[in-house]
Amino acid sequence: MSKILVVAEFKNGALKEGTKELLSEAGRLGIPADAVLIGEGVAGEADVAAGLGAQTVYVADAASLAIYHTLSYTQAVADAAQQSGASMVWLNSSEMGRDLTPRVAARLGVGALSDVTGVTVDGETVTVERPCMATKLIQKSRFKHSGVKVLSIRGGSFALNDQPACAANTVALTVPEADARLQTLGVEVEESNEISLTDAPVVVSVGRGVGGPEGAEKARPLTQQLGAALGASRAVCDAGWLPHKHQVGQTGTQVKPQLYVALGISGAIQHLAGMSDSKIVVAVNKDADAPIFKVADYGIVGDLFKALPALEESVAKLKG
Amino acid sequence: MDIIVLIKQTPDVALNIKVNDGALVEDGVSWVIGGWDETALEAALQMTEAAGGEVTVLSIGPARVQEALRKALAIGAHKALHVSCDSTDGWDSFQTASVLAKVLEGRSYDLILAGKQAQDSDSGLTPTMLAEFLNLPQVTNITGFSDLSDSEVTLRRKGDAGTEIFKMALPGLATVNDSMAEARLASMRGIMMAKKKPMEEVALDSLGLDASLLSTDGVMIETLGYETPQLQKEGRKFEGDEAETVPQVMQLLKDSTSLFA
Ligand SMILES: Cc1cc2nc3c(=O)[nH]c(=O)nc-3n(C[C@H](O)[C@H](O)[C@H](O)COP(=O)(O)OP(=O)(O)OC[C@H]3O[C@@H](n4cnc5c(N)ncnc54)[C@H](O)[C@@H]3O)c2cc1C
Ligand SMILES: Nc1ncnc2c1ncn2[C@@H]1O[C@H](COP(=O)(O)O)[C@@H](O)[C@H]1O
């Protein structure tokens with residue numbers, strides 16, 4: 001019998017959309033699901049997980065678990081996996097999930113697959129699709145071993161089917177003891193009232209073509225007009241023209257907005273890997289052969305400094 | 001402070017990658033050190049420059065991986081260790097990590113560094129599995145380090161909510177995000193010196209591995225094939241005066257989407 005254990009994640013104390021997507025998909029596949037909630041002050045979300053279909057919710061709630069910690073989280077997930085008897089453990093391909101997935105799999109003595117974008121379950125056979133080679137190829141793989149299958153899945157791979165909360169059947173896990181070999185010193189959160197890249201319906205990104213920090217700032221009025229997040233290529237972040245949190249791409253943030261506007265970005269494969277899933281791409285580049293045009297719905301061959309004022313004017317007009 | 005850097009030789013993903021009948025075409029591939037592994041080597045060099053000690057680069061693979069190791073020596077690594085085999089095709093991360101664990105058994109090191117993911121698989125599974133097999137603490141996706149001593153190091157990691165900061169006891173393992181540092185290039189002098197640096201070769205067969213591990217029964221993850229996704233869009237290109245092309249594009253956007261509704 002198949003059963004999925006979903007490893008939950010939280011944002012501001014609430015279940016993340018990614019977690020809800022995984023529970024939704026389990027329901028869609030008709031496979032029973034359990035969930036494991038690890039953190040501080042997270043027990044209250046058990047009912048939300050139950051509403052989304054989690055039959056048993058394993059909870060490890062303690063101050064020592066407030067910040068993600070590889071060793072204690074691995075122990076809690078492995079414990080929940082064993083108690084639940086799940087045939088699969090599903091995680092998100094977040095920074096936490098990427099770190100935890102292989103460690104949990106190795107702890108359980110099995111293989112793992114990461115950054116999965118599609119899962120097919122046929123009885124005991126689990127086949128997945130995932131991008132590789134900087135998204136130049138799609139790899140199709142299957143778990144060959146018996147026993148539990150551990151995989152991390154990219155956000156947005158499954159649709160979210162939100163449901164009202166209901167009373168959860170919870171099981172408290174033993175809180176793992178602190179492992180002195182890895183001590184958490186803190187987490188630095190960059191306070192900002194800027195719109196975050198992952199949530200924004202529109203992303204306006206700047207590349208080396210903006211020429212410097214002043215050039216990068218020139219894109220801000222357009223982002224405000226469009227309610228867009230400001231993105232950047234690695235070249236811009238490495239040069240210090242914008243902080244690294246703006247970086248879009250394989251190492252930076254992977255975005256899938258309704259509209260992606262690329263200004264002075266050449267379109268290196270590692271950048272495309274982070275934005276080519278955008279619904280509509282508009283690119284401005286003075287080089288007609290720039291690779292970014294291959295993924296653009298609308299390519300404007302021209303100078304971004306001339307295009308920017310025209311963009312602002314057009315948007316103002318169209319918004320009426 | 002002795003550091004082992006895991007190096008995977010991968011196809012250069014910036015160049016054309018071909019698939020034939022679901023299989024990767026190796027003919028015409030240009031083999032390089034994966035981008036993230038280059039940063040891991042850079043991090044190791046910065047650490048030994050700060051705290052002394054040696055950097056050993058380690059790679060499992062056929063004879064060609066010695067080119068990657070030789071390049072790492074030219075960039076500044078002190079020693080290389082080549083675990084030689086005919087091919088690693090079909091191995092999964094579990095197997096690779098198991099072999100690495102066996103290779104490192106009985107060797108001494110303070111820290112193992114690796115790229116956050118290999119530039120071909122984009123998996124990021126092998127180093128962490130290795131850390132589990134060796135029972136080492138780990139911090140992945142590091143963007144910086146400080147307070148390095150023989151017994152511990154402070155590591156900054158890009159986490160989900162911001163930068164997470166950990167003090168890790170040594171020996172331990174870390175994987176490196178490319179934003180940590182710009183990797184240095186090999187100098188002419190480095191290339192000359194690399195020729196005299198030690199390259200130890202260990203045959204896979206001599207490791208005394210459990211025969212079942214690398215047999216087809218030992219494979220946990222079977223890759224069925226690769227496909228080339230349709231990346232190229234049938235987009236439209238507009239050339240000429242921006243004052244004309246931009247409003248044209250924006251009008252088309254308005255007509256075809258609900259963005260300005
Ligand atoms: C391991 C690894 C990971 C990486 N991860 C990422 C990542 O996450 N994100 C990322 O972005 N990159 C990443 N890169 C780097 C990537 O390979 C490129 O180097 C980078 O994306 C280039 O940035 P760019 O397009 O801004 O700069 P360039 O390639 O220099 O392009 C600048 C473009 O601006 C155009 N231009 C110049 N002036 C103007 C003007 N006035 N008007 C209009 N156009 C103009 C030029 O024609 C050119 O096309 C990674 C690389 C490696 C090895
Ligand atoms: N054959 C190999 N030899 C040495 N190191 C490897 C090998 N395969 C993977 N690694 C290391 O593990 C990292 C992650 O690989 P992967 O899990 O495939 O993404 C690579 O960047 C290397 O540092």
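Given the structure is predicted, the values throughout are model-derived calculations rather than measurements. To find a chain, count down the sequence lines: A is the first, B the second, and so on, and within it residues start at 1.
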Participant: So which part of A:Lys149 gets closer than 4.5 Å to some heavy atom of chain B, the side chain, the backbone, both or neither?
Facilitator: neither

Participant: Heavy-atom distances under 4.5 Å only: say whether B:Gln251 touches chain A with side chain, backbone, both or neither.
Facilitator: both

Participant: Heavy-atom distance under 4.5 Å to chain B: side chain of A:Asp115, backbone, both or neither?
Facilitator: side chain

Participant: Measure distances from A:Leu71 to the heavy atoms of chain B and classify the residue's part below 4.5 Å as side chain, backbone, both or neither.
Facilitator: side chain

Participant: Taking side chain as everything from C-beta outward and backbone as N, CA, C, O, which of these in A:Gln250 sits under 4.5 Å from a heavy atom of chain B? Side chain, backbone, both or neither.
Facilitator: both

Participant: What part of B:Asn135 gets closer than 4.5 Å to chain A, counting heavy atoms only: side chain, backbone, both or neither?
Facilitator: both

Participant: Is it the backbone or the side chain of B:Lys158 that comes under 4.5 Å from a heavy atom of chain A, or both, or neither?
Facilitator: both

Participant: Determine the option with the most heavy-atom pairs under 4.5 angstrom with chain B, choosing from A:Ile67, A:Val110, A:Asp277.
Facilitator: A:Val110

Participant: Side chain, backbone, both or neither: which part of B:Thr10 has a non-hydrogen atom closer than 4.5 Å to chain A?
Facilitator: neither

Participant: For A:Val128, is it the side chain, the backbone, both or neither that has a heavy atom under 4.5 Å from a heavy atom of chain B?
Facilitator: neither

Participant: So, A:Gln225 side chain and A:Val315 main chain: donor-acceptor pair closer than 3.5 Å or not?
Facilitator: no

Participant: Using heavy-atom distances under 4.5 Å, tell me whether B:Asp160 contacts chain A through its side chain, its backbone, both, or neither.
Facilitator: both

Participant: Which region of A:Lys16, side chain (C-beta onward) or backbone (N, CA, C, O), has a non-hydrogen atom less than 4.5 Å from a non-hydrogen atom of chain B, or is it both or neither?
Facilitator: side chain

Participant: Does any backbone or side-chain atom of A:Thr70 lie under 4.5 Å from a heavy atom of chain B? Answer side chain, backbone, both or neither.
Facilitator: side chain

Participant: Between A:Thr253 and A:Leu197 (side chain of the first, backbone of the second, donor and acceptor by atom type, cut-off under 3.5 Å), is there such a pair?
Facilitator: no

Participant: Go through the atoms of B:Phe133 and report whether side chain, backbone, both or neither lie under 4.5 Å from a heavy atom of chain A.
Facilitator: side chain

Participant: Side chain, backbone, both or neither: which part of A:Val202 has a heavy atom under 4.5 Å from chain B?
Facilitator: side chain

Participant: Heavy-atom cut-off 4.5 Å, strictly under: side chain, backbone, both or neither for B:Pro127 against chain A?
Facilitator: neither

Participant: May I ask you to decide whether B:Glu222 forms a salt bridge with A:Lys144, counting only side-chain N to carboxylate O separations under 4.0 Å?
Facilitator: no

Participant: Check whether B:Asp120 gets within reach of chain A through its side chain, its backbone, both or neither, counting any heavy atom under 4.5 Å.
Facilitator: both

Participant: What part of B:Leu259 gets closer than 4.5 Å to chain A, counting heavy atoms only: side chain, backbone, both or neither?
Facilitator: side chain

Participant: Between A:Tyr68 and chain B, with a heavy-atom cut-off of 4.5 Å, which part of the residue counts as in contact: side chain, backbone, both or neither?
Facilitator: both

Participant: Using non-hydrogen atoms only, which part of B:Leu136 is less than 4.5 Å away from chain A: side chain, backbone, both, or neither?
Facilitator: backbone

Participant: Can you tell which part of A:Ala307 gets under 4.5 Å to a heavy atom of chain B, answering side chain, backbone, both or neither?
Facilitator: both

Participant: Is it the side chain or the backbone of A:Leu226 that comes within 4.5 Å of chain B heavy atoms, both, or neither?
Facilitator: side chain

Participant: Under 4.0 Å between a side-chain nitrogen and a carboxylate oxygen: does that hold for A:Asp303 and A:Lys286?
Facilitator: no

Participant: Sort B:Phe166 into side chain, backbone, both or neither according to what part of it lies under 4.5 angstrom from a heavy atom of chain A.
Facilitator: both

Participant: Against chain B, work out which of A:Lys319, A:Lys306, A:His145, A:Lys136 has the most heavy-atom pairs shorter than 4.5 Å and name it.
Facilitator: A:Lys136

Participant: For B:Gly172, does its backbone N or O pair with a side-chain atom of B:Gln138 as donor and acceptor, under 3.5 Å?
Facilitator: no

Participant: Which bit of B:Ser256 is near chain A, if near means a heavy-atom gap under 4.5 Å: side chain, backbone, both or neither?
Facilitator: side chain

Participant: Checking B:Ser121 against chain A: side chain, backbone, both or neither under 4.5 Å from a heavy atom?
Facilitator: backbone

Participant: For B:Thr175, which atoms come within 4.5 Å of any heavy atom of chain A: side chain, backbone, both, or neither?
Facilitator: neither

Participant: Quick one: what part of A:Ser152 sits under 4.5 Å from any heavy atom of chain B, side chain, backbone, both or neither?
Facilitator: neither

Participant: Measuring heavy-atom distances to chain B, does A:Glu9 have an atom under 4.5 Å in its side chain, in its backbone, in both, or in neither?
Facilitator: side chain

Participant: Could you tell me which portion of A:Ile269 (side chain, backbone, both or neither) has an atom closer than 4.5 angstrom to a non-hydrogen atom of chain B?
Facilitator: side chain

Participant: Would you say the side-chain atoms of B:Asp178 pair up with the backbone N or O of B:Trp36, donor to acceptor, closer than 3.5 Å?
Facilitator: no

